[in-house]
Amino acid sequence: MQSKAQTPELDPARIEAEVTYLAKRHRISPAIVREIIRRIGSAERSAVEREIRKGMARR
């Protein structure tokens with residue numbers, strides 16, 4: 001059985017790079033992007049961007 005820490009999606013360096021990219025692209029705080037990733041349980045870019053758009057629609 002493979003540990004979650006070894007899956008490419010949960011590689012800390014890759015997640016941090018995604019957080020930085022998405023925060024700059026959508027002009028939001030990196031902390032908000034990390035919270036979205038934690039809440040949805042996925043660092044997949046399309047899923048995170050969908051949640052960001054949902055949040056912006058509420059504003």
Side-chain angles (χ1 to χ4, degrees):
M1 188 161 94
Q2 189 176 22
S3 159
K4 283 188 178 184
Q6 294 175 350
T7 57
E9 183 176 324
L10 296 178
D11 175 35
R14 182 181 170 279
I15 290 177
E16 206 49 44
E18 285 291 314
V19 166
T20 302
Y21 169 79
L22 289 167
K24 285 182 180 179
R25 180 165 186 229
H26 293 283
R27 296 178 144 207
I28 58 176
S29 165
I32 293 171
V33 177
R34 285 188 204 97
E35 178 64 22
I36 290 170
I37 289 172
R38 186 193 63 77
R39 195 181 67 214
I40 66 174
S42 172
E44 184 183 345
R45 184 179 291 175
S46 62
V48 175
E49 286 187 331
R50 191 176 319 116
E51 289 297 316
I52 290 170
R53 280 194 302 272
K54 277 189 204 174
M56 287 186 172
R58 288 187 201 117
R59 283 197 244 161

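Note that the numbering runs from 1 along the sequence shown for the chain.
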> Mind checking what makes salt bridge (Lys or Arg N to Asp or Glu O under 4.0 Å) contact with Glu18, not counting sequence neighbours?
Replying inline: Arg45
>> Could you work out, with salt bridge (Lys or Arg N to Asp or Glu O under 4.0 Å) as the rule, every residue matching Arg53, not counting sequence neighbours?
In response: none
>> Nearest 0.5 angstrom please: Ile28 CD1 to Leu22 CG, how far?
In response: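 Separation between the atoms: 7.5 Å.
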With [X] via side chain to side chain donor-acceptor pair (under 3.5 Å) - residues at least two apart:
X: Glu49; answer: Arg25, His26
X: Arg39; answer: Glu51
X: Arg58; answer: none

> Run the side chain to side chain contact (heavy atoms under 4.5 Å, CB included) check on Glu16 and Val19 step by step: do they pass?
Replying inline: CA-CA 5 Å; Glu16 206 49 44; Val19 166; 4.2 Å; yes
> Any side-chain heavy atom of Asp11 sitting closer than 4.5 Å to one from Ile15?
Replying inline: no
> Do you know the tightest heavy-atom contact between Ala23 and Ser29?
Replying inline: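 Where Ala23 meets Ser29 most closely, the heavy atoms are CB-C, 4.1 Å.
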>> So, using side-chain contact (heavy atoms from CB on, under 4.5 Å) as the criterion, who are the partners of Ala47 when residues are at least two apart?
In response: Ile40, Glu44, Arg50
